[in-house]
Structure formats: C-alpha cells, structure tokens
Amino acid sequence: MKIKIKFENFSLWFGNNQILKNINLEIPEKNVTAIMGPSGCGKTTLLRAINRMNDLIPDTKVCGKVFIDNENIYDANVNLLTLRKKVGMVFQKPNPFPKSIYENIAFGLKVHKFKNIKERVTKALIDANLYDEVKDNLYRSALNLSGGQQQRLCIARAIAIEPEIILLDEPASALDPIATAKLEELIHKLKKEYTIVIVTHNMQQAARVSDYCAFMYLGELVEFGKTEDIFVRPKDKRTEDFLLGKYG
Amino acid sequence: MKETHRFISGILFFFAFLTSLLIIFILFFLLSYGLKIFQFISFKDFFLNPVWNPTGYFKNDYGLLPNLWGSFLVTSLALIIAVPFGIFSAIFLSEELRKITWLYNLTKGIIELFAAFPSVIIGLFGLVYLAPLIQKIFSLSSGLCVLNGGIILALMSLPTIISLCEASISQVPLTYKEASYALGVSRFQTTLKIVLPTAKSGIIAGILLGFGRAIGETMAMLMVLGNSPIIAKSLFQPTRTLTTTIAIEMGETAKNTPHFFALFMLGVVLFIISFIVNLIGNYFAQKRIKIII
Ligand SMILES: Nc1ncnc2c1ncn2[C@@H]1O[C@H](COP(=O)(O)OP(=O)(O)OP(=O)(O)O)[C@@H](O)[C@H]1O
Ligand SMILES: [Mg+2]
C-alpha cells in the first residue's frame, strides 16, 4: 500500500495556542481516511495543514514535516499554487462562488489553463453525480441550488482541476439524510481515483465511508488504523469513550 | 412597545414624504422659470447650439452644449483618474491594511475627513499649487484648464469612491476567497475574478455617487477652470460647466430676462442629471446591502 500523505512530528500553533501536538500519521493512497474527534480537537486544522490553508491565518507557526509523495510541503521552495491544485478541498459549509453553475467549475479550469473547458465542466458534473439535476440550468446562479447540490458542485469544482487528493471537511454537516446518502455514494465512487481525507463528527458516517480512521483528542492523534479494527477493538480508552458517545 | 414603533415609523414616513415633496417642489420651481426660455428661443437653439454668449453685441446665444460639454469633460476626466485609483486603494485598504487595525482606522478616518473638506480649500490648492505646475510642465499660458479641474474633481470624488468600494469589498465573505485559494488560484486572480465581481454593486454605486458629487461641484470649479464658455477641444483649454455658468452669471443678470431663464434651464438639466445618477447609484448601493444580508 502506497503512502500518499505523511505527517512527521508535526505541530502547529495559532499564536500561543498549540493546536496540533506532534502528529505522526500515514495516509494511504486511493483510500478514504476519516478523521474523528470531539469538537475543537483540531480536525479542521489538521486537514488544512495538508493544503497549507492555515497559512492564511495570521500568526500561525508550524514545526515538523508533512510529506506528499515524499516531498515536504513545508519546504521553503514549495509552490503553494501547485500544491493546492494537487490537493483539492471541500469546506464544511457549501461555498459556491456567486456565479453560474458552469462558471463555478470553469473558473479553476481557466486559471489553470486547461483546454476543452466545456467538456471538462460536463465531466466534472457527471463525476460528482450532479449533471442530471442541473444540465438544463448550467447558466443559472449556483446560489439557487439546494445545500446538497451546492456541496456536490463544490466537489465537482474541486475534482475538475484534476487533483490527486481531496480534503472533505464535514461535507455532510449541513445536509439532510438523502443528500448525505448521495454524498457518501459519491465518496465511495471517487476513492478509485483520489486519495480522500474526510473530517467527520459522525461515527456512523466514518464507519460507512472510510477504510482508515484516525481519532484525535485535544490536538493529539490518539489512534489510527483500519476502520474495522478501530470500531471493533479500540486500543485507547479515549477512543472507546468517544465511540460510546461519552464526549457528546 | 408596538405603539412607539408605529409612532416612530409615522414620523420617519412624514419626513420622507416631506423630502420627496421638497424635491418635487424644487424641480417645479426650476421648471417654472427654466421653461420660459422657450418663449424666446426654440428647443434647437438651446439644446443644440454650440455657443453660449448671453451678452452678445448683435445676437444672444444660449447654447446648452458648451456648459454640458464642460461638465461632461471635467467629470469624465475626474472619473478616469479617480476610479482606478479609488478601486486600487479600496482593495489595498480592505485586503492589506485591515490586518493592521490602527493604521486601517487612521487611514479611513483621514479619508472621511477629506470628504468633509470645504471645496473652496481644495479649489485653492488647484489655483495656487496645481495651476503653476500644469502651466510649467506643459508650457501653457495658464494652468487653469480642463486638466486642472479634472484632477481637483478626482480628488474630491475619491473619498466617496474609496469608502463605498472599500465597504463593499471588505464584505465579500472570506469563504469565497478561501474557496478560490484552495483551487490554487493566486491572490491577484482571486481579487480580480472573485472579489471584484462579487463587490460589483457597491463599486458601481461608488462610481455613480462619486460622479454625482463631481457633476454638482461648483466652488472649486470656479477657481480652477478658467471659466471661458467655449467648447474645449483639449485638456489644456479653459472651460465652463453647468454649475459655474449659473454661479457666475446669476448674480449679474436682471430678473425675468431670457438670460435669467436660460440659466434656470441649465439648472434643470443639472438637476435631472444628478437626480438620475444618484437614483441609480443608490439603487446599486441598496442592492449591495441586500446581497450581503
Ligand atoms: N482562525 C483561528 N484562529 C485562532 N484559533 C483558531 C482558529 N481556528 C481554529 N482555532 C482553534 O483551534 C482549535 C482547533 O480548531 P479546529 O477548527 O481545528 O477544530 P475541529 O476539530 O475542526 O472542531 P469542529 O469539530 O468544531 O469543527 C480550536 O480550539 C479553535 O478555537
Ligand atoms: Mg472543524
């Protein structure tokens, strides 16, 4: 099994608050890895460390390394634009641009100078299981879509520019059960081509969609392993408590 | 509670009503005098005549065009200077300077202060400082010209443009920008293709209200334009605007003469232009607020 992303003694501070504490983690390629843990434990921050979105927050300090394909992305000479093209991200709250459905996807394609924009937009929509619902309204504002459709549009936008990794930050938190089911089906389909890291609060969801599972607590990575192992035989007491719903 | 609420909205409605009434009254007042000019000359002699010469030896000319052209020229020049500068400053303020709170507040304070500057002071700057400079650089006989007026008006409309653009740019949600950065799009492209289009309504409002401020400006224009009622063909010629002609000549003309009525008609034209521009500007400003809420 090839390792796609590797955290090595990685710590992160916002100002004086240490948010991530000496994380060591190996995320395998073309699998779904779920990150679980109680609210505020640093899941989003860990995810945003992979495409260096934390850099945008003033006063961020990091130490340690994160490798993608054996390249340390915190090296001084790393090109952030190339990195972020390779690592797509879908946010907790759907955030389509206030543009048409078509433009939402074409934007990234144009910036990265892809050809055959139109075909690629269609393909991304098909891959994101959204095409049939929007094919007659491609030039209508994306803001008119439902929450679940917006979230799939954000996924289409991310996969259109051909990333290798997709980061999903609680993508289902604003969705109803049907939209969530569609999204999970989509995640299942996407893992054939992409390495997927998904943050989730929801244990059932983690159990359903992920192959590997990491459990975080107060900035530490407590446990990591195959999902079935973690759910059946958690090694750490804190993981067990979390799975029993003791953290709420 | 509900009673007081009704009472307050009643008062607000009353004043809004009064204001609208006042505006209609002013328009009627202007029209009642202004339209009388057409008892003396034809529409064509007013609207299409390129000569303004109300005290001619053989014939009096009351042409709108030199005044309108002057207003148009100076205001356009002002916008050509002020719009790019204003948008750029607004971007800089909201995207860069905002991180340094005290400097941001100080800069905004200065800009707002500048908006409240008496126009005669800014005119004085044009007259005493800018005019000799322009005269020297372009070796002209006088620095009182369209260019000078354009620069002064640009200065005067900048605070409006910057404030409105800045307000609207800084209200663009961070989530839009994050979405763009996460796609590997540079800051420059994100600003150009995501932030500015999202803030479009506020930017248009800023430009239009800046235009509204510029076209009505009188005192500073009196001081720096050279006041010659010709159709200026270059930036270095003196000119007149709708406002300056009215201000200069109203005092020295007898009541109820054709000249008097013609000046009122200039006022009507000015009123209509600024009314429409402000109306559209406010429409976009409202639209901006709706989008954000
Ligand atoms: N922009 C920021 N500036 C300062 N501190 C932050 C910032 N964002 C998050 N934090 C802090 O970092 C810690 C971890 O936050 P993070 O968002 O990673 O948690 P999370 O596990 O994703 O929580 P949730 O499940 O609620 O989304 C929290 O204590 C939070 O207060
Ligand atoms: Mg989070």
Side-chain angles (χ1 to χ4, degrees), chain A residues 44 47-48 50-59 78-100 103-114 124 141-143 150-151 153-163 165-169, chain B residues 87 90-105 107 165 167-206 283-293:
Chain A
T44 297
L47 201 68
R48 289 164 62 103
I50 302 173
N51 60 350
R52 289 187 57 178
M53 287 294 279
N54 290 322
D55 291 22
L56 300 171
I57 297 166
D59 238 3
V78 163
N79 181 335
L80 276 187
L81 305 185
T82 323
L83 169 70
R84 289 181 184 150
K85 180 182 170 296
K86 187 162 152 181
V87 186
M89 181 164 207
V90 176
F91 295 79
Q92 185 159 351
K93 259 180 71 189
N95 58 351
F97 299 122
K99 299 174 182 286
S100 70
E103 268 305 317
N104 258 278
I105 302 174
F107 172 65
L109 290 168
K110 285 181 199 157
V111 168
H112 291 293
K113 307 219 157 55
F114 280 90
S141 169
L143 302 182
Q150 289 192 1
Q151 201 57 302
L153 178 64
C154 292
I155 294 179
R157 177 174 75 185
I159 58 183
I161 57 172
E162 301 183 341
I165 298 167
I166 303 174
L167 310 174
L168 302 163
D169 189 359
Chain B
I87 294 178
I91 293 172
F92 180 73
L93 264 173
S94 62
E95 302 283 290
E96 300 293 333
L97 218 55
R98 233 151 111 85
K99 292 173 206 141
I100 316 167
T101 314
W102 68 270
L103 195 59
Y104 173 76
N105 289 334
T107 316
C165 290
S168 145
I169 289 173
S170 50
Q171 277 174 332
V172 173
L174 177 66
T175 54
Y176 292 172
K177 288 186 252 175
E178 282 196 331
S180 177
Y181 297 143
L183 286 170
V185 179
S186 64
R187 288 198 64 171
F188 175 75
Q189 294 259 28
T190 301
T191 304
L192 195 69
K193 303 236 172 82
I194 302 293
V195 176
L196 289 184
T198 307
K200 187 175 61 190
S201 295
I203 292 172
I204 296 174
Y283 164 77
F284 278 104
Q286 291 297 314
K287 199 168 147 189
R288 181 197 108 217
I289 291 162
K290 264 193 222 123
I291 284 174
I292 301 308
I293 288 169

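In what follows, chains are A, B, ... by sequence order, proteins preceding strands, each numbered from 1. Not measured: the values here are computed from a predicted model.
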Contact leader toward chain B among A:Met89, A:Lys93, A:His112, where contacts are heavy-atom pairs under 4.5 Å: A:His112
B:Leu192, B:Thr191, B:Val185 screened by side-chain contact (heavy atoms from CB on, under 4.5 Å) with B:Phe188, the one that passes: B:Leu192
B:Lys193/A:Glu103 ion pair, N-O < 4.0 Å: no
Contact check, side chains of B:Leu183 and A:Val111, non-hydrogen atoms, under 4.5 Å: no
Region of A:Lys99 that comes under 4.5 Å of a non-hydrogen atom in chain B: side chain
A:Arg52 portion near chain B, given a 4.5 angstrom heavy-atom threshold: neither
Chain B contact via A:Val87 - side chain, backbone, both or neither, heavy atoms under 4.5 Å: backbone
Ionic contact status for B:Glu95 with B:Arg98, cut-off 4.0 Å: no
Polar side-chain atom of A:Gln151 near backbone of A:Phe91 as donor-acceptor pair, under 3.5 Å: yes
Which portion of A:Pro96 sits near chain B, non-hydrogen atoms under 4.5 angstrom: backbone
